[in-house]
Structure formats: structure tokens, C-alpha cells
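These values consider heavy atoms only, across backbone and side chains, with no hydrogens, waters or symmetry-generated copies. Convention: sequence-line order gives letters A, B, ...; per-chain numbering from 1.
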Number of protein chains: 2
Amino acid sequence: MLSLVGIDGWALDQLKAVSPQLRLVLRSRIIRNDLPPMSRLSEPELAKEYGVSRQPVREAFITLMNEGLVEVRPQRGTYVKRIDYEAVLNGRFVREAVEADIVRKLAKRGDSALVKDLRSQIAQQKNVPEDAPEEFMAQDERFHQTLANAAGFCKAWDYLGGIKAQMDRVRFITFEEFPISKLIEQHEAIVDFIEQKAVPQAEAAIRAHLREILNSLPRMQELYPNYFENLRDIPNED
Amino acid sequence: MLSLVGIDGWALDQLKAVSPQLRLVLRSRIIRNDLPPMSRLSEPELAKEYGVSRQPVREAFITLMNEGLVEVRPQRGTYVKRIDYEAVLNGRFVREAVEADIVRKLAKRGDSALVKDLRSQIAQQKNVPEDAPEEFMAQDERFHQTLANAAGFCKAWDYLGGIKAQMDRVRFITFEEFPISKLIEQHEAIVDFIEQKAVPQAEAAIRAHLREILNSLPRMQELYPNYFENLRDIPNED
DNA sequence: GAGCGTTGACTTGTATGGAAGTATGTAAGT
DNA sequence: ACTTACATACTTCCATACAAGTCAACGCTC
């Protein structure tokens with residue numbers, strides 16, 4: 001109970017409760033592919049690593065299981081869940097539906113202060129170096145969250161958090177072939193249409209933007225077949 | 001460890017793990033308003049009631065907290081969460097967006113087998129006695145789940161589960177003034193438009209259907225103000 | 001050598017005790 | 001009468017011990 005510093009350098013605050021912190025640490029490590037699919041997550045091992053007892057680790061596992069990030073098989077072991085192709089497609093569909101309605105609302109309104117904010121964010125996105133995909137993803141997250149907030153649905157964004165986690169795992173594994181500049185162009189198009197109050201075009205733009213992951217997903221399944229749950233091919237969602 | 005039968009008659013299967021079962025039992029009791037908002041949930045008390053130790057109860061609490069159904073305040077106590085007006089509105093918005101896209105897909109297709117299935121479900125809905133709202137809600141759940149399934153997004157429906165829980169709490173409290181026949185008519189309209197492949201009309205019908213709760217929500221806030229989290233009035237979501 | 005049963009070292013699930021923090025009621029002091 | 005300090009009975013959180021299931025390796029039997 002001395003260290004409280006994991007092998008990856010994450011330090012736990014002794015004052016706050018342990019299990020929520022562990023949850024965040026492990027969640028981040030899984031999403032960033034620091035703990036790849038099918039990694040074994042031993043309760044006592046992690047407990048020793050972070051200098052705590054098994055119970056907080058176990059409680060973190062429970063939450064991660066509810067988020068679909070780990071799979072605990074009783075009396076057998078706990079493992080990082082493989083990526084469920086169908087779940088990613090379903091989650092992407094949900095995101096597209098929700099964000100399409102959000103953008104429609106915003107385009108009807110055409111709030112100029114919002115447009116200004118989004119434009120400044122896009123400028124920052126362009127300054128992100130090519131080899132720092134993690135930073136771009138944080139910016140991207142902020143962009144989409146700003147959209148939800150402006151429409152008055154910040155809690156709706158929270159609902160999408162679990163869905164986004166699954167998609168982000170995919171993006172972190174294949175970020176080499178991640179068309180950052182293309183994504184930024186799409187962001188610009190969305191903002192332009194919002195400013196022009198061009199509702200159908202804005203909706204089409206956000207939908208196209210969120211379909212982008214469909215391009216990398218099949219290729220990723222070829223490159224890393226072991227990372228996926230069900231390999232029965234699901235050509236597309238229509 | 002003899003009884004394993006709660007005060008409400010729910011029996012726990014000794015063979016399966018305890019905490020997931022407890023989770024389901026408590027979840028159901030909360031949604032059905034058997035455990036109203038702000039009820040105190042004592043760890044040792046529930047443990048004694050169901051004849052298990054405190055740990056499984058605690059683990060059930062963690063999941064319920066993640067679902068937004070209970071609120072655990074450290075060293076203070078665990079309570080059934082009050083209904084968050086804004087969260088319900090946000091959840092409703094998400095559901096509308098997703099189900100609108102689902103129905104659009106189905107209307108484009110116009111699957112006659114699906115239409116037949118839905119019609120038979122509607123016939124069953126009409127047979128539900130007026131004083132059995134719980135049974136109607138089960139039928140309603142099945143109806144909407146069938147839509148999601150037919151569109152190939154059964155996992156998307158799972159994502160909406162947590163959202164639906166919050167909405168169902170509202171419906172269970174105010175089911176007296178629950179316009180069952182009106183809801184059935186709306187179901188019929190949706191199916192009709194799907195059959196006719198009338199895409200925009202079908203979308204409008206499902207959106208109107210899911211807006212229905214907005215009628216009962218403000219009245220409910222008047223009747224049961226103590227059941228709500230933030231009483232700052234949020235007139236509507238637009 | 002092949003097949004089978006057993007043992008033992010794992011795993012997670014549950015029970016229980018103690019540590020730290022919070023609310024409450026009581027008694028002393030003003 | 002009112003405030004303040006303290007003792008006590010709670011609460012959740014964490015640590016530890018035990019129970020029960022799984023799996024692999026070993027040794028025995030055939």
C-alpha cells in the first residue's frame with residue numbers, strides 16, 4: 001500500500017476512492033490499445049501492481065464489463081473484450097442518427113457565436129502534428145461534444161460515451177491510415193452548412209462524416225482478424 | 001444464507017452468481033416504482049433481507065449507479081435517484097433520433113412479413129385489459145424491439161436500454177393517465193406507412209409517437225415534484 | 001503408448017472484520 | 001435559550017480469508 005503507481009506511470013490519488021480511478025485508468029489503457037484485445041486482466045496481479053486490494057480492482061472490472069470493454073468469465077479469468085464488429089456498426093448507426101438530428105437543430109438556428117467557436121476549434125485541429133493522433137482525437141471529441149452541448153443535449157452525449165469508446169478503440173489501432181485532413185475538411189463543411197442554415201446539406205455532411213469509419217473497418221478486420229469477435233463478414237449495414 | 005427470498009417475493013437462484021440477480025431485482029423494483037425516488041437502500045439491510053453478504057449488494061449498487069438509477073454518497077448512504085428531468089428529455093431525444101432512422105430503413109424496404117408480425121402484435125395490444133398497464137408496457141417494448149431487430153440493429157436497442165429505463169420510470173408513476181388506445185393507434189399508423197413504403201410519413205409517425213411522453217411529463221412534475229432532481233423548469237427541448 | 005482419474009495451482013465469487021468519514025443526540029459552557 | 005464540543009451509532013470503502021469452480025499437468029491403469 002505504498003506505491004499506488006501502476007507500471008504505466010498512472011498514479012492514484014490516495015484521498016479519492018480507488019475503484020473509480022482504477023476504472024478510468026484501465027478504460028484508457030484499453031481504448032488506447034495499451035491493453036490489446038484478449039489481454040488477460042488478473043485481479044490479484046493488478047491489485048499488486050497498483051498497491052491496493054482485490055476488491056477495488058474487481059469493482060472496476062464490473063463497470064468495465066457493463067461498458068463492454070472487458071469480459072469476465074467466472075472462475076476462469078477476466079479478459080479485454082475483442083472488438084464486436086456488429087456492435088461497432090450498431091453504435092455507429094446510433095451516433096449518426098443522434099448527431100444528424102443535433103446538426104439539423106443547429107442548422108435551423110444558425111448561431112453565429114457557435115460557428116465562431118467551431119471555426120477556432122478547426123484552426124486548432126489543423127495545428128495538430130501529423131504524428132499526434134491522440135491529440136487530434138481529443139480535439140475531435142471536443143468538436144462533437146460542442147455540437148451536442150449547443151443543441152442542449154449534453155447528457156445525450158454522455159449516453160453516447162460508451163458507444164464512442166468502442167469506435168475509438170478501432171481508430172486507435174488503425175490511426176496510421178487515419179485521414180486527418182479529410183476529417184478536418186468534413187468538419188469545415190458541417191460548420192459552413194450550419195452557418196448558411198442549409199439544413200439538408202448539414203445533415204448530409206455529418207452523416208457522411210460519421211460514415212468515414214466504415215472505410216477503415218473492413219481493412220482493419222483483414223489486418224487484425226484476431227482482434228475481432230465474430231468473423232462472419234457483415235458487408236455493410238444496409 | 002437460508003432464505004434467499006426477498007421481502008417482495010423475488011427468489012434468488014443459489015446456483016447462479018448473486019450480484020447480477022440482485023441487480024435485476026433492484027432495477028425492476030426501482031423502475032416499477034416499488035422503490036420510489038429517495039428511498040434509502042441500506043447495504044446491510046438488503047443483505048440480510050436476501051440472505052447474502054454485503055459485498056454482492058454493493059456490487060449491484062455499482063451497476064445501478066452506472067445506470068443512473070441509484071446515487072451512492074460515500075460514508076453517507078445509498079439512495080434511489082430522483083428523476084432527472086433533463087436526462088429524460090435527452091434520452092427521449094436520442095430514442096427519437098435512432099428509431100426515426102430505423103423506421104426510415106424499414107419503410108424503404110416495406111417487408112410484408114414484418115408488417116404481418118407487427119399487425120399481430122397490435123392485435124394482442126388491443127386485448128390487454130385497461131387495468132394492466134404493466135402488460136401493455138411489455139408489449140410496447142416488444143413492438144419497438146421488433147422494429148430495431150428487423151432493421152438489423154438489435155444491439156442498438158441494447159444501447160437504448162438504459163435510456164428506456166428512465167422513461168419507463170416516468171410511465172410507471174403516471175400510468176393512470178396513460179393513453180393506451182392512442183398509443184396503439186400510433187403503432188397502427190407506423191405500420192401502415194411502413195407497408196405503403198411512405199418513408200417521410202412513417203418517420204413523422206414514429207417521431208410523433210415518441211413525443212407522446214412530453215405531454216405527461218410536465219403534469220407529472222406538478223403532481224410529484226419531490227420525485228424530480230432539478231425543479232428549474234425546462235419548458236421544452238427546442 | 002493411449003486413455004483416464006486425480007491432484008494442485010490457478011481463477012473469480014462471497015463473507016466478514018476493521019478503517020475512515022458523516023450525521024445525530026447529548027451535555028457542558030456562555 | 002443558544003452555541004459548541006464530544007461521544008456514539010451509523011454509512012461506505014477497503015483488506016483479508018475462505019469457498020467453489022476451472023484447467024493443466026502428472027501419474028496410474030490398461
Side-chain angles (χ1 to χ4, degrees), chain A residues 1-6 10-26 30 35 37-81, chain B residues 1-6 10-26 30 35 37-81:
Chain A
M1 217 227 285
L2 296 165
S3 69
L4 284 141
V5 176
W10 283 87
L12 271 57
D13 186 346
Q14 248 176 333
L15 298 177
K16 297 174 189 171
V18 175
S19 51
Q21 297 183 75
L22 263 179
R23 173 182 98 80
L24 289 179
V25 169
L26 293 177
I30 293 173
L35 290 169
M38 300 197 307
S39 300
R40 185 194 188 77
L41 292 179
S42 166
E43 251 177 40
E45 203 170 299
L46 280 169
K48 192 186 291 181
E49 183 175 325
Y50 287 96
V52 296
S53 89
R54 269 182 50 212
Q55 212 55 46
V57 177
R58 178 178 170 71
E59 294 176 1
F61 282 179
I62 292 176
T63 298
L64 293 172
M65 182 182 61
N66 291 334
E67 291 184 285
L69 291 176
V70 309
E71 178 181 13
V72 28
R73 291 190 286 182
Q75 276 75 30
R76 235 169 278 196
T78 303
Y79 303 88
V80 175
K81 238 178 108 88
Chain B
M1 218 229 280
L2 296 166
S3 70
L4 284 139
V5 177
W10 283 87
L12 271 57
D13 186 346
Q14 249 175 331
L15 299 176
K16 296 174 188 170
V18 175
S19 49
Q21 297 183 75
L22 262 180
R23 174 181 98 77
L24 289 179
V25 170
L26 293 177
I30 292 173
L35 291 169
M38 299 199 311
S39 301
R40 185 193 190 78
L41 292 179
S42 166
E43 234 176 56
E45 202 171 300
L46 279 168
K48 192 186 291 182
E49 183 175 324
Y50 287 96
V52 296
S53 85
R54 293 189 343 253
Q55 208 56 45
V57 177
R58 175 178 170 70
E59 294 178 358
F61 282 179
I62 291 175
T63 298
L64 292 172
M65 183 181 61
N66 292 333
E67 290 184 285
L69 291 176
V70 309
E71 178 181 12
V72 28
R73 291 191 287 182
Q75 275 73 31
R76 233 166 284 193
T78 303
Y79 303 88
V80 175
K81 237 178 110 87

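For the pair Y79(B)/R40(B), a side-chain contact is recorded, criterion being any heavy-atom separation below 4.5 Å from C-beta on.
Across all strands, L41(B) comes closer than 4.0 Å only to sugar-phosphate atoms, never to a base (heavy-atom distances). In this structure, E43(A) reaches the sugar-phosphate backbone alone: every heavy-atom distance under 4.0 Å involves primed, P, OP1 or OP2 atoms, never a base.
Taking 4.0 angstrom as the limit, S19(B) places a side-chain polar atom (N or O) nearer than this to OP1 or OP2 of dT14(C). An OP1 or OP2 oxygen of dT11(D) is reached within less than 4.0 angstrom by no side-chain nitrogen or oxygen of T78(B). Considering only side-chain N and O atoms, R58(A) lies nowhere under 4.0 angstrom from the phosphate OP1 or OP2 of dT12(C). Considering only side-chain N and O atoms, S53(B) lies under 4.0 angstrom from the phosphate OP1 or OP2 of dA15(C).
For R54(B) and dA15(D), the CZ to C1' distance is 12 Å, given to the nearest whole Å. Note: CZ (F61(B)) to C1' (dT12(D)) measures 10 Å, nearest angstrom. Atom pair I62(B):CD1 and dT14(C):C1' shows a separation of 14 Å (rounding to whole Å applied). For Y79(B) and dT22(C), the OH to P distance is 13 Å, given to the nearest whole Å. The distance between atom CD of E45(B) and atom C1' of dT11(D), rounded to the nearest whole Å, is 12 Å. The nearest whole Å value for the distance from the CD atom in Q21(A) to the P atom in dC13(D) is 13 Å. To the nearest angstrom, C1' of dT12(D) lies 10 Å from CD of E59(A). Taking atom CG of L22(A) as the reference point, atom P of dC13(D) lies 14 Å away to the nearest angstrom.
With salt bridges taken as basic N to acidic carboxylate O contacts below 4.0 Å, none links E59(B) and R23(B). Salt-bridge check for E71(B) with K81(B): failed, with every basic side-chain N at 4.0 Å or more from each acidic carboxylate O.
Looking at R73(B), its side chain has no donor and acceptor atom pair within 3.5 Å of the base of dG21(C). Below the 3.5 angstrom threshold, one finds no donor paired with an acceptor across the side chain of Q75(B) and the base of dT22(C).
Take the nearest nucleotide of DNA chain C for P74(B) and for P44(A): the residue whose nucleotide is more 5' is P44(A). Nearest-nucleotide mapping onto DNA chain D: of P20(A) and R76(A), the residue sitting toward the 5' end is P20(A).
Remark: side-chain polar atoms of E45(A) are not paired, donor with acceptor, to backbone N or O of L41(A) under 3.5 angstrom.
Here the CG atom belonging to L26(B) is positioned 6.0 Å from the CG atom belonging to L46(B), to the nearest 0.5 angstrom.
Checking dT11(C), dG13(C), dC13(D) against the side-chain heavy atoms of V72(B) singles out dC13(D) as nearest.
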